[in-house]
Amino acid sequence: MINILICCTGSVATIKLPSLVQQLLKTEKFKVLIIATEHSTKFFDKNDIPTSVQIYKDKDEWTAWNKRGDPILHIDLGKWADILLIAPLDANTLAKIANGICDNLLTSTVRAWDISKPLVFCPAMNTKMYIHPLTKEQIEKLLSWGYHLIPVIEKTLVCGDTGVGAMAEVDTIVSRVSDIVKRN
Ligand code: PCO
């Protein structure tokens, strides 16, 4: 089995999280854990995620540690995972990762990631944010570290705008992730 750690952020594309988890489990290749940022929890109902899949949030980092020797969650989750999948990666977290900021459980786990293991990211954001030159600059930085990009697609977004910025389809993500683990 391959341990996959899904990290989701505050993009509306997090509504696809239950379907992403379901499709990954269906392949019978993956054990799944989730890190959800505070804002991402607005976009899914934890009852739509199988109970076998634990969901970690920021507060878990601080309840897990009281004294020397206690688990340090962002390190332990990184050690557990064979592959890290950030889906969706919103503009804010993309900017944080590109600049080394680690101010929550998700970004701390990414900051401590062993880059010899695969990290896959699926951006999702409004078209105006996506076409801003900052996005390209930051994505290129992640690519220069060997991280794998699953590009955005063009469609009518939840806000009504039509353009680039939507997260790749779940089927595309699952098949790319399967290819990447086969190669590693
Ligand atoms: C923020 N927009 C986003 C764009 C991400 N949107 C998407 C798609 C989904 C529905 O097909 C939500 C997956 O529209 O990826 O965060 C303001 S419009």
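Counting starts at 1 for both ligands and their atoms, following the listed order. Everything numeric in this text was worked out from a predicted model, so none of it was measured.
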Checklist entry - Should the pair K117-D82 be classified as a salt bridge under the 4.0 Å nitrogen-to-oxygen rule? => result no

Next on the checklist: Considering only residues two or more places apart or on different chains, which pairs with a residue in residues 150-168 satisfy salt bridge (charged side-chain N to carboxylate O under 4.0 Å, His left out)?
Outcome noted: K155-E169

Checklist outcome for this item: So NZ of K182 and CG of N184: to nearest 0.5 Å the spacing works out to 12.5 Å

What side-chain donor-acceptor pairs closer than 3.5 Å can you find for residues 141-151, not counting sequence neighbours?
| from | atom 1 | to | atom 2 | distance (Å) |
| --- | --- | --- | --- | --- |
| K141 | NZ | A98 | O | 3.2 |
| S144 | OG | K141 | O | 2.6 |

Checklist entry - Partners of F44 by ring-ring contact (aromatic ring centres under 6.0 Å, His included), sequence neighbours excluded? => result none

Close N/O pairs between ligand 1 and protein, under 3.5 Å:
| from | atom 1 | to | atom 2 | distance (Å) |
| --- | --- | --- | --- | --- |
| ligand 1 | 11 (O) | K155 | NZ | 2.7 |
| ligand 1 | 15 (O) | M167 | N | 2.8 |
| ligand 1 | 16 (O) | S11 | OG | 2.9 |

Checklist outcome for this item: d(L5 CG, F30 CZ) to nearest 0.5 Å is 13.0 Å

